[in-house]
Amino acid sequence: MPDLNLVQAINLALRRAMADDPTVLVLGEDVGINGGVFRATDGLWKLYGDSRVLDTPLAEAGITGVSIGLAAQGFRPVLEIQFSGFAYACIDQILNHASRLRKRTMGRLTCPMVLRSPTGGGIHAIEHHSESPEAMFAHIPGLKVVIPSSPQGAYGLLLAAIRDPDPIIFLEPTRLYRSAKDEVADDGASIPLGRCIVLRTGRDVTLVSWGGMVKDTLEAANRLATDHRIDAEVIDVATLKPLDSATVIDSVKRTGRLVVVHEAPLTCGFGAEIAARVAHQALTSLLAPIERVTGCDTMMPYPRLEHLYMPQAERIAEAVRRTVAYS
Amino acid sequence: MPDLNLVQAINLALRRAMADDPTVLVLGEDVGINGGVFRATDGLWKLYGDSRVLDTPLAEAGITGVSIGLAAQGFRPVLEIQFSGFAYACIDQILNHASRLRKRTMGRLTCPMVLRSPTGGGIHAIEHHSESPEAMFAHIPGLKVVIPSSPQGAYGLLLAAIRDPDPIIFLEPTRLYRSAKDEVADDGASIPLGRCIVLRTGRDVTLVSWGGMVKDTLEAANRLATDHRIDAEVIDVATLKPLDSATVIDSVKRTGRLVVVHEAPLTCGFGAEIAARVAHQALTSLLAPIERVTGCDTMMPYPRLEHLYMPQAERIAEAVRRTVAYS
Amino acid sequence: MDSPYRVLGPDGRAIGALPTFAKDVDELTKLYRAMVLTRTFDTKAIALQRTGRLGTYASSLGQEAVSVGVAAAMQLSDVLLPSFREHGAQLWRGVTLEELLLYWGGDERGNAFTGPREDFPNCVPVGSHAPHAVGVALAFRLRNEARAAVCIFGDGATSKGDVAEALNLAGVWKAPVVFVVNNNRWAISIPVAKQTAAPTLAQKAFAAGIPGSQVDGNDVIAVRATLERALERARAGAGPSMIEALTYRLSDHTTADDASRYRSDEDVSKHWAEEPILRLRSYLFALRAWDKEREEALLLSCGQDVERAAAAYLDSELQPAAAMFEHTYAELPTDLVEQQTGAVSYLRGL
Amino acid sequence: MDSPYRVLGPDGRAIGALPTFAKDVDELTKLYRAMVLTRTFDTKAIALQRTGRLGTYASSLGQEAVSVGVAAAMQLSDVLLPSFREHGAQLWRGVTLEELLLYWGGDERGNAFTGPREDFPNCVPVGSHAPHAVGVALAFRLRNEARAAVCIFGDGATSKGDVAEALNLAGVWKAPVVFVVNNNRWAISIPVAKQTAAPTLAQKAFAAGIPGSQVDGNDVIAVRATLERALERARAGAGPSMIEALTYRLSDHTTADDASRYRSDEDVSKHWAEEPILRLRSYLFALRAWDKEREEALLLSCGQDVERAAAAYLDSELQPAAAMFEHTYAELPTDLVEQQTGAVSYLRGL
Ligand SMILES: Cc1ncc(C[n+]2csc(CCOP(=O)(O)OP(=O)(O)O)c2C)c(N)n1
Ligand SMILES: Cc1ncc(C[n+]2csc(CCOP(=O)(O)OP(=O)(O)O)c2C)c(N)n1
Ligand SMILES: [Mg+2]
Ligand SMILES: [Mg+2]
């Protein structure tokens with residue numbers, strides 16, 4: 001099994017999906033001969049040509065709408081939006097159409113499309129290239145929202161997303177594109193959507209995270225184990241919508257403590273939803289206030305201050321220590 | 001003091017704001033001679049003409065962008081988006097520009113604009129006319145999000161919003177436009193943003209709501225008082241962002257129980273944020289799981305089933321009884 | 001821009017060469033019947049709304065020739081993506097009167113179309129269906145099918161970015177799609193002159209490098225002929241085009257609108273002289289292909305059809321509460337099943 | 001569409017009548033100096049990026065005449081709304097070299113512009129600033145000020161709905177705004193032919209009923225003259241217009257791009273023969289208004305200016321952590337003050 005980084009794993013999943021199913025199309029700005037600005041679609045155009053790998057004009061709302069039309073006609077478009085900061089222009093089409101085409105026609109027309117987009121900071125990019133919009137999408141009924149945290153996860157989850165009969169927002173942590181490395185088996189096996197992944201079992205506290213923050217969260221857990229004998233359970237949410245609450249609730253019922261970690265701004269971030277579900281379904285198990293370690297309620301700073309904004313292992317660990325010390 | 005309904009109160013506030021400040025402009029589709037499809041801008045065009053009341057072409061993103069340009073130049077545009085289902089097309093401009101113009105220029109350029117839009121269901125409208133997008137906006141740093149629940153509140157909050165130096169999303173509960181009636185004093189007094197309004201004090205449980213659901217929440221509280229001797233505190237959030245957490249937290253610390261009511265879908269609704277803050281800052285005061293009584297995680301049904309979707313007084317009361325009975 | 005293509009003058013006299021189909025009187029009476037049925041439906045829908053038995057409704061009064069002419073030019077295998085005022089096109093394509101009433105009455109079953117299964121439901125967010133039409137058309141092209149998509153929207157929609165993006169995308173991909181601007185001169189209270197500084201809407205197509213032309217939208221023969229040409233072109237792989245059909249909205253914008261706030265009766269009444277049904281009737285009368293008896297019989301049968309549909313609609317039971325959740329996803333996720341169970345049992349308990 | 005307006009041919013010989021300003025050699029050398037400074041800055045910025053001292057950077061190599069020509073036609077009281085490749089225009093208008101470096105280095109202080117206080121910062125979401133320009137221009141019109149807004153965007157931007165909406169809005173309101181399409185033939189890897197089926201981008205203006213024309217974007221004299229006319233027209237209340245300036249992106253899209261993946265060296269090298277700096281230099285040399293010595297002196301002084309700015313940039317201290325929160329609102333709300341205090345004290349503790 002080759003060692004692949006996350007963007008290579010995405011590429012592999014796209015290759016597999018296209019080979020398996022002739023209705024899978026890839027479209028987006030620069031996805032053709034250029035292979036995508038991050039090379040996620042590298043080589044696909046050479047393999048499949050203009051009829052399955054479509055370079056598009058610069059029109060995010062329009063190409064989202066085109067994908068809806070293609071999907072309604074039985075194709076499975078995989079649309080790349082170059083950065084999630086430009087995916088806000090797609091929300092109107094996604095919410096008003098993609099997410100409800102099945103519902104509004106009682107299943108007569110459906111919308112099996114995947115909107116892929118890089119997400120999150122940490123690559124010292126120019127403005128609008130470091131957005132974390134997952135909570136906005138997770139609020140939209142009829143959608144699924146998926147965020148992998150590793151190359152193997154990206155491979156399996158993307159395959160599942162492409163094979164899924166409903167519209168999916170698939171956000172890829174940009175800073176893991178090249179930094180994360182896994183052995184990735186190209187076995188065509190998808191990872192079921194709608195399930196959290198327990199990455200580390202633990203007794204003392206439940207840490208919940210997704211995407212780019214999973215690595216830091218795990219690092220915090222490891223440090224806490226070594227330095228403070230705190231045994232943290234770490235859950236990678238993976239599919240934000242529909243949320244597998246059960247795994248989180250079960251864990252909190254065992255540990256009695258919850259720290260949610262994300263990079264998006266605090267207010268109305270997806271951490272709020274997790275906290276709310278726990279405060280509803282596992283309240284009596286809670287031994288300490290629920291902590292959220294998140295981005296701030298200001299916009300992601302320009303790159304020079306970016307490192308101050310994003311939660312890092314130490315900030316996570318500090319919150320965990322506070323939580324565990326609470327009594 | 002005349003008895004006004006909510007849309008008349010909005011109209012009065014617009015009149016007052018325009019009379020007080022020549023930089024206040026009103027723009028949007030059909031806001032001129034037609035006075036807005038709900039008549040919120042009725043008569044303004046006659047008073048102020050084309051140079052202060054601008055009928056616009058049908059282009060929600062564009063007119064949002066135009067408002068940003070006007071605001072940067074020192075005007076105070078009050079933009080009407082005809083229904084909040086069409087405001088999703090404005091998110092890109094709002095998030096990527098309006099909300100951060102001040103920040104990104106370090107105060108050199110600012111964006112004192114108000115985007116007004118009807119929100120919520122209950123008027124038996126056609127699709128896309130019953131949306132409750134507040135949580136999506138409340139996630140955006142740099143914005144303020146305001147939702148009145150009464151004519152007098154609408155008057156005072158809208159004046160505050162127009163006078164505020166930053167961009168504001170002002171959502172008006174459509175079903176209260178004509179049904180709610182208040183004596184409204186046209187005294188030019190604004191109601192400060194960023195403060196919750198305690199509508200009813202109570203000892204047993206805290207009910208938190210906003211906009212169109214406040215009425216049903218109050219009704220539930222009244223029924224509970226009469227029929228079940230449950231004494232509920234009712235808080236109208238009024239400004240969702242920035243949230244006055246203190247008022248909610250203080251209340252929950254006294255009552256030990258929290259029920260949040262909103263009409264938007266459950267997942268990632270603004271109720272999650274309130275629950276999360278309480279689970280962080282008032283956890284030990286909680287005597288019962290936090291309940292959310294909300295719309296479902298499916299799209300607002302077409303009108304014939306709409307009444308089944310929206311929380312109503314009885315459903316709220318039931319949740320409150322469950323909460324209060326919990327021990 | 002050439003002057004709008006027209007076959008029949010406002011008085012119903014032929015002023016141009018007849019396209020082939022129009023030499024067949026049966027074809028013309030079919031068009032005529034469809035327009036009359038549409039108007040009969042319209043009248044009934046408004047009556048139902050006024051008496052609280054239908055939701056807000058968008059009348060197509062005066063615009064029947066656009067709707068019917070466009071649909072008549074299509075093949076059944078083409079796909080229609082209408083806005084919300086194309087009852088005539090939907091009926092022609094096999095959407096039933098009862099489905100239309102269910103839709104406007106606020107029932108999703110109105111979109112389940114037993115007839116044209118691939119047609120899109122009404123699009124309410126103005127212009128946002130234009131890119132869907134490009135996607136549908138692209139699907140045809142990719143599968144090498146000789147089919148076309150037809151997207152109808154209003155004059156107001158031409159100001160929307162979605163429409164501009166769609167036109168451009170269609171041009172780049174030579175997608176077999178025909179865009180029809182149903183220019184009824186108003187977007188609620190905004191007249192076309194306040195909608196754009198462009199002297200024609202057809203010229204918006206040139207921005208995308210695709211052909212645009214105008215047709216008299218009150219002349220059903222001209223509309224159908226123009227669309228037939230455009231559709232043949234599209235199906236033959238020669239690319240998309242846009243057609244601006246000039247008509248007039250004789251009614252209020254919807255039943256929720258009061259057009260007297262922004263336009264005078266005189267303005268409107270001038271346009272009654274140009275309306276499409278009278279125009280074709282005059283022509284058919286002159287040909288002696290139509291007469292008072294046939295007219296009365298038609299009105300009667302349309303009335304009966306519509307009444308029958310209305311009765312069925314009014315008799316229809318509400319969907320059960322569980323239906324609120326169905327079709328949200330192919331398979332309901334656990335938490336939605338819980339919400340569904342909760343809602344159903346709560347409502348049962350009431 | 002007329003052929004693109006041009007004064008100097010690629011070889012630097014005048015092929016058309018000179019506009020008045022171009023008869024003044026000092027004016028021409030000013031334009032020349034500005035283009036050379038822009039290119040010197042560009043080279044330095046790329047060097048800084050390559051050595052890890054600047055963020056991803058968008059080079060304007062070969063496009064200097066558009067940037068400088070546009071800015072030179074503006075008055076200081078006009079307002080510029082650039083995309084992200086108009087360093088030349090920003091410098092001309094008084095944004096400092098150090099501010100530019102701060103911006104591209106990832107520091108908000110680069111947008112605080114000590115010079116043109118009303119100019120907008122770079123717009124990164126392609127085309128989304130076009131409606132802002134309409135708003136700015138509308139403000140001028142509403143206040144009866146003889147000023148204009150200038151909005152520059154690329155060929156790719158012309159496919160965006162925001163741009164189409166903005167053009168249309170400008171047309172309806174006769175807003176004093178000039179849109180400039182900096183057509184460098186590429187949007188990252190997408191050539192104009194894949195961006196649109198329209199044979200020119202200038203014709204996109206007609207969709208909005210406003211004038212559109214083309215200019216040779218490598219001829220700074222032609223660019224400036226064209227813009228002067230458009231701006232006069234706008235300031236005089238005659239309405240907006242759009243100008244397509246034809247140039248070529250000689251560099252990669254940004255420092256993060258590798259253009260060799262999608263275009264050949266030969267393609268690019270052809271365009272070196274047309275580049276704007278050489279062109280004006282040839283003309284000035286032929287006039288004997290320029291010579292090797294002056295050229296060397298200019299390069300030296302531009303180099304010194306840029307080095308000085310780079311040193312200042314590299315010496316600049318980071319903003320303190322608290323700055324991350326400042327200016328989010330006019331007045332920080334309580335919860336944000338708490339987040340600020342928390343962040344500052346946490347970071348101090350590290
Ligand atoms: C995006 C959007 N904005 C606003 C509305 C509200 N609205 C409904 S119809 C309409 C006018 C549409 O005008 P036009 O496109 O000419 O179609 P017509 O109603 O005349 O058939 C408006 C503004 C909407 N449905 N969608
Ligand atoms: C809305 C949006 N989509 C995508 C991008 C990513 N992107 C940055 S520049 C660019 C190409 C822009 O092309 P053009 O408008 O011709 O300007 P140029 O870069 O050639 O100056 C793209 C796709 C973006 N910045 N904004
Ligand atoms: Mg219209
Ligand atoms: Mg370009």
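Values below: every heavy atom of this structure, side chains too, minus hydrogens, waters and symmetry copies. The sequence lines fix the lettering, A, B, ..., with proteins before strands; numbering per chain opens at 1.
A 4.5 Å side-chain heavy-atom check between C/Gln49 and C/Ile46 finds every atom pair outside the cut-off.
Donor-acceptor pairing under 3.5 Å is recorded for the side chains of C/Gln195 and C/Ser159. Using modelled atom types, one finds no donor on one side chain facing an acceptor on the other under 3.5 Å when comparing C/Ser60 with C/Gln63. C/Asn122 and B/Glu127 share no donor-acceptor pair across their side chains, judged by distance under 3.5 Å alone. The closest side-chain donor-acceptor pair between C/Arg85 and C/Ser83, if any, does not fall under 3.5 angstrom.
Of all the listed residues (C/Phe325, C/Phe84, C/Tyr57, C/Tyr329), the one sharing the greatest number of non-hydrogen pairs under 4.5 Å with chain B is C/Phe325. Annotation: maximal heavy-atom pairing with chain B below 4.5 Å, among C/Thr56, C/Leu336, C/Val163, C/Asp155, occurs at C/Leu336. Chosen from C/Val124, C/Leu347, C/Asp335, the residue pairing most often with chain B at heavy-atom distances under 4.5 Å is C/Val124.
Within the 4.5 angstrom heavy-atom criterion, only backbone atoms of C/Pro320 (N, CA, C, O) approach chain B. In this structure, no portion of C/Ser260 lies under 4.5 Å from any heavy atom of chain B. Neither the backbone nor the side chain of B/Ile123 comes within contact range of chain C, judged by heavy atoms closer than 4.5 Å. Heavy-atom distances place both the backbone and the side chain of C/Tyr262 under 4.5 Å from chain B. Looking at C/Ala343, there are no atoms closer than 4.5 Å to chain B (heavy atoms on both sides), in backbone or side chain.
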Residue pair C/Arg249, C/Asp257: steps toward the salt bridge (Lys or Arg N to Asp or Glu O under 4.0 Å) verdict: CA-CA 12 Å; C/Arg249 197 193 79 207; C/Asp257 178 48; 3.8 Å; yes

Derivation and outcome, side-chain hydrogen bond (donor to acceptor under 3.5 Å, both in side chains), residues B/Thr41 and B/Arg116: CA-CA 11 Å; B/Thr41 59; B/Arg116 294 179 42 244; over 6 Å; no

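Using a 4.5 Å heavy-atom cut-off against chain C, the contacting residues of residues 27-39 of chain B are B/Asp30, B/Ile33, B/Asn34, B/Gly35, B/Val37, B/Arg39. Of all residues spanning residues 60-69 of chain B, those with a heavy atom less than 4.5 Å away from chain C's heavy atoms are B/Glu60, arranged by number.
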